[in-house]
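Reading through the structure tokens given below for one structure.
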Amino acid sequence: MYGQIVRDGLVNVTGIEDLGLTSPVLQRTSDAFFKEISPFLLHFGMFVPTIIGQCTPEQQAKWLPLAMDLKIIGTYAQTELGHGTFIRGLETTATYDASTEQFILKTPKLSSYKWWAGGLGKTANHCIVLAQLYTKGVCHGPHPFIVQIRDTETHMPLPGIKVGEIGPKLGFNTADNGFLGFEDFRIPRENLMMKNAQVTKDGTYVKVARHGKLTYGTMVFVRVMLVSDMAYCLAKAVTIAVRYSAVRRQSQPKPDQPEPQVLDYLTQQHKLFICISTAHAMKLTSTWLWNTFTGVLADMRDGNTDTLPELHALSSCLKAISTSDTSALIEQCRFACGGHGYMYSSNLPALYSFATATRTYEGDYTVLLLQTARFLVKSWEQMDEGKPLTPTLAYLEQSRNGSQVSWDDSPEGIVRGFDAVAAGRIGACVKSIRKHINNGMDYEDAWQMTTVQLVGAAEAHCRAVICRVYRDETARLTAGCSPGVKAVLDQLSTLYLLYWALERTGDLLRFSSLSERDIENLQARYEALLLKIRPNAVGLVDAFDFRDEVLMSTLGSYDGRVYERLMEEALKTPLNREPVSDSFHKYIKPMMQGKL
Ligand SMILES: CCCCCCCCCC/C=C\CCCC(=O)SCCNC(=O)CCNC(=O)[C@H](O)C(C)(C)COP(=O)(O)OP(=O)(O)OC[C@H]1O[C@@H](n2cnc3c(N)ncnc32)[C@H](O)[C@@H]1OP(=O)(O)O
Ligand SMILES: Cc1cc2nc3c(=O)[nH]c(=O)nc-3n(C[C@H](O)[C@H](O)[C@H](O)COP(=O)(O)OP(=O)(O)OC[C@H]3O[C@@H](n4cnc5c(N)ncnc54)[C@H](O)[C@@H]3O)c2cc1C
């Protein structure tokens, strides 16, 4: 299995390299080789971006060509057995020895072992290691180091390195995630990635970057990329589920009628059409987020880090919500396919196992939403002090006078409704924190006592951002389209707004003038819209344009030969190679004869 995966991975990488294509395409084409994930994904997904983001030009000149030509294979080892979220609590140490101009890497105890890095188990020979930097007896916090861990000729672990694979997981079982420990392992001073901080030969620590969190830059990049990845993952799952629902016929609602396509059931449309809308919403939002990210990078190149906090808040909540929505909606696609959706050959289990992992890695859902909430509360306080708000928080102004937003069920009105919910929930959090402080709590405890509400406020902010971006970008991008295309894409973005308005009626009743009658109207409009989208449903998923080789699904292939493909795959199962398993003779027959 591992050998096959490595072969496929290299065919994919070298093939694309010959075509001279960029890494995002590499990411996409790797889907044609892997149901789960390539052991080389971390190499291109984090090892190379970290060299670019954390190394000086001289260090890039040394390491980047080796990495891009696959002369070295890397990964990103930050998480440890004992810590993943709390980076400042990482235990691996890198202590500078000025007498030899080296760092000594140590794994002080079991919980300090690096754990999880993709490709570390058996594939990588180098890795980025986040370790607490000590020099002249002072700890300067976690810093990135580039470390060779295996001999590039023999692939044997170097002396002082303990490395291996962490074992089977819910998914990602082709990623050879590994563990890594150091026993007084020495690396040259130059292996500290020195773009944001340096250590001179005599051990003097020099802080270069103005912003203390630029070391976390790779994580921001990957979070931005994951939003796009989720759109792609969900688009694959809903292509499979909609095509299968067009083939599958089941039950007899009317005695004298043939069994209908299950796609004709309103409940099936309710399960699946939000998945189509969400794939579009996330794709458009990810492109908007990428443009925001590149803008912030440009500012930072000019030495201006003022826009970084908003980017961190946006990338945190969009990564959290996109991965959470995708996991839930891929599972919904699986539910919509009945028993056959549970078959591995449908590819829905693999898509789910990949998506649900993204809710955790690169920043746990709750933790990242709390990061966004930290920014929202700070922004509210700045607004109270009369300071300007950042663009994505302009809507807070409307809440200043505390008046309730009047409900307007037009698409633009619903977007404003979500702004009002976000503003209201942030304001409620600020009020809760202040109440606890007035009752004698310190700020940290008052914050902790409000964290359930803070997670909700961050989700509401993120939903408001997605709704606004989805609506605006759909209008902008369809301006030149034919009336037919424009109408269908407008139906999808309206469906997204109606769906979430119905999901959040409690909040809308609390923070707008929404009435029970308005809710009845929303429900009726939503159901009518499902019927309108039905005739275009298969065309809409065909428009995602996935080849069968990429979908890898017995249920979702373009030709609709579902039952034939299910049987073809079943007959390939090793258990079907012999009519009678040898377990019958070894165990079952003796048991039947009372001989066990
Ligand atoms: C081939 C094509 C390429 C595409 C590739 C994409 C796909 C790749 C997929 C790869 C597959 C799997 C890889 C998975 C890899 C990993 O999981 S790597 C490990 C990831 N780990 C994490 O994400 C850890 C999460 N934890 C954190 O980020 C921080 O510890 C946390 C922010 C939660 C808390 O850190 P603290 O130090 O405690 O920070 P605070 O005190 O809360 O905040 C201090 C201030 O710093 C600001 N901050 C924090 N983080 C950032 C950041 N990333 N950027 C900018 N600013 C940041 C924070 O807002 C505070 O600011 P303030 O004081 O409020 O002004
Ligand atoms: C498939 C996969 C691949 C991975 N690949 C890599 C890799 O290549 N490189 C790498 O370095 N890491 C990798 N990771 C590790 C990943 O980054 C961490 O698992 C992730 O950051 C979560 O940290 P944790 O596991 O310590 O969870 P924890 O933070 O311990 O979370 C446990 C629980 O505690 C809660 N919690 C934690 N802190 C707080 C808080 N401040 N407030 C409220 N609740 C809190 C969380 O919400 C969660 O419910 C991978 C993980 C997975 C699943």
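All ligand and atom numbering here is 1-based and tracks the order in the structure. Sequence positions, counted from 1, serve as the residue numbers for this chain.
Ligand-side atoms of ligand 1 in range of I87: 24 (C), 26 (N), 27 (C), 28 (O), 29 (C), 30 (O), range being under 4.0 angstrom from any heavy atom. Counting the atoms of ligand 1 from 1 in the order shown, those under 4.0 Å from a heavy atom of M225 are 4 (C), 6 (C). Listed by number with element, the atoms of ligand 2 under 4.0 angstrom from any heavy atom of E362 are 17 (O). Atoms of ligand 1 lying under 4.0 Å from any heavy atom of T79, numbered from 1 in the order shown and given with element: 19 (C). Numbered from 1 in the order shown, with element, the atoms of ligand 2 that lie under 4.0 Å from a heavy atom of T366 read 47 (O). Near F172, the atoms of ligand 2 lying under 4.0 angstrom from a non-hydrogen atom of the residue are 1 (C). Residue-ligand proximity, F44 to ligand 1, at heavy-atom distances under 4.0 Å covers atoms 1 (C).
The option with the heavy atom closest to atom 55 (C) of ligand 1, from among H312, H43, R88, is H312. Of the listed options L368, V367, I128, T85, T85 places a heavy atom closest to atom 30 (O) of ligand 1.
Annotation for K109: atom NZ does not count as buried by contact number, only 12 or fewer foreign heavy atoms lying within 6.0 Å. Atom CE of M343 has 12 or fewer heavy atoms from other residues, nucleotides or ligands within 6.0 Å. Summarising the local packing, OH of Y134 is surrounded by 12 or fewer heavy atoms from other residues, nucleotides or ligands at distances under 6.0 Å. Atom OH of Y2 has more than 12 neighbouring heavy atoms from other residues, nucleotides or ligands inside a 6.0 Å radius.
Distances from atom 41 (N) of ligand 2 to the protein include no heavy-atom value under 4.0 Å. Using a 4.0 Å threshold on non-hydrogen atoms, atom 1 (C) of ligand 2 counts as touching the protein. Within a 4.0 Å radius of atom 38 (N) of ligand 2, the protein contributes at least one heavy atom. Of the protein's heavy atoms, none falls inside 4.0 Å of atom 32 (C) of ligand 2. For atom 25 (O) of ligand 2, the nearest protein heavy atom is 4.0 Å or more away.
Among all protein heavy atoms, the one lying closest to atom 23 (O) of ligand 2 is T85 N, 3.4 Å. The shortest contact between atom 5 (N) of ligand 2 and any protein heavy atom is with W116 O, 3.5 Å. In terms of protein heavy-atom proximity, atom 45 (C) of ligand 2 is nearest to V367 CG2, 3.9 Å. Of the protein's non-hydrogen atoms, T360 O, 3.5 Å is the one closest to atom 20 (C) of ligand 2. Looking at atom 48 (C) of ligand 2, its nearest protein heavy atom turns out to be D364 OD1, 3.9 Å. Given atom 43 (C) of ligand 2, the protein heavy atom at minimum distance is L370 CD1, 4.0 Å. Counting only heavy atoms of the protein, atom 17 (O) of ligand 2 lies nearest to T79 OG1, 3.4 Å. The nearest heavy-atom contact from the protein to atom 9 (N) of ligand 2 is Y76 O, 2.9 Å.
Between N125 and Q148, the side chains place no donor N or O within less than 3.5 Å of an acceptor N or O (distance only, hydrogens not considered). Using modelled atom types, one finds no donor on one side chain facing an acceptor on the other under 3.5 Å when comparing Y96 with H140. Residues T123 and D176 have side chains that bring a donor and an acceptor to within less than 3.5 angstrom of each other. Counting only N and O atoms by type, the side chains of T307 and D299 include a donor and acceptor under 3.5 Å apart. A donor-acceptor pair shorter than 3.5 Å cannot be found between the side chains of Q132 and T92. Judged purely by distance below 3.5 Å, without hydrogens or angles, the side chains of T390 and E310 pair a donor atom with an acceptor atom.
Look at G84 and you'll find a heavy atom under 4.0 Å from some atom of ligand 1.
Checking only distances, Q78 does come within under 3.5 Å of ligand 1, N or O to N or O. The shortest N/O to N/O separation between Q78 and ligand 2 falls below 3.5 Å. Polar contact check, Q371 against ligand 1: a nitrogen or oxygen pair lies under 3.5 Å apart. Between K378 and ligand 1, a contact under 3.5 Å exists for at least one N or O pair. Taking only nitrogen or oxygen atoms, main chain and side chain alike, G363 reaches within less than 3.5 Å of ligand 1.
With a heavy-atom cut-off of 4.0 Å, V220 touches ligand 1 through its side chain alone. Contacts between R223 and ligand 1 below 4.0 angstrom, taking non-hydrogen atoms only, involve the side chain exclusively. In L42, the part holding a heavy atom less than 4.0 Å from any atom of ligand 2 is the side chain. Contact annotation for M219 and ligand 1: only side-chain heavy atoms (C-beta onward) come within less than 4.0 Å of the ligand. Neither the backbone nor the side chain of K169 has any atom closer than 4.0 Å to an atom of ligand 2 (non-hydrogen atoms only). Neither the backbone nor the side chain of D364 has any atom closer than 4.0 Å to an atom of ligand 1 (non-hydrogen atoms only). Contacts of Y76 with ligand 1, taken as heavy-atom pairs under 4.0 Å, involve the side chain alone.
A donor-acceptor distance shorter than 3.5 angstrom exists from the side chain of K319 to the backbone of G363, with no hydrogens or angles considered. At least one donor-acceptor pair under 3.5 Å links the side chain of S327 to the backbone N or O of A355. Checking side-chain atoms of S346 against main-chain N and O of G341 turns up a donor-acceptor pair under 3.5 Å. Remark: side-chain polar atoms of N304 are paired, donor with acceptor, to backbone N or O of D306 under 3.5 angstrom.
Counting only heavy atoms from C-beta outward, the side chains of K114 and V129 approach each other to under 4.5 Å. Looking at K106 and F182, their side chains never come closer than 4.5 Å, going by heavy atoms from C-beta outward. At least one side-chain heavy atom of K207 sits under 4.5 Å from a side-chain heavy atom of Y205.
Heavy atoms only, all atoms of each residue included: C55 and Q59 are closest at CA-OE1, 3.5 Å. The two atoms that bring K122 and R150 nearest to each other are CA-NH2, 3.6 Å, heavy atoms only.
A salt bridge does not link D325 to R359: none of the charged side-chain nitrogens sits closer than 4.0 Å to a carboxylate oxygen.
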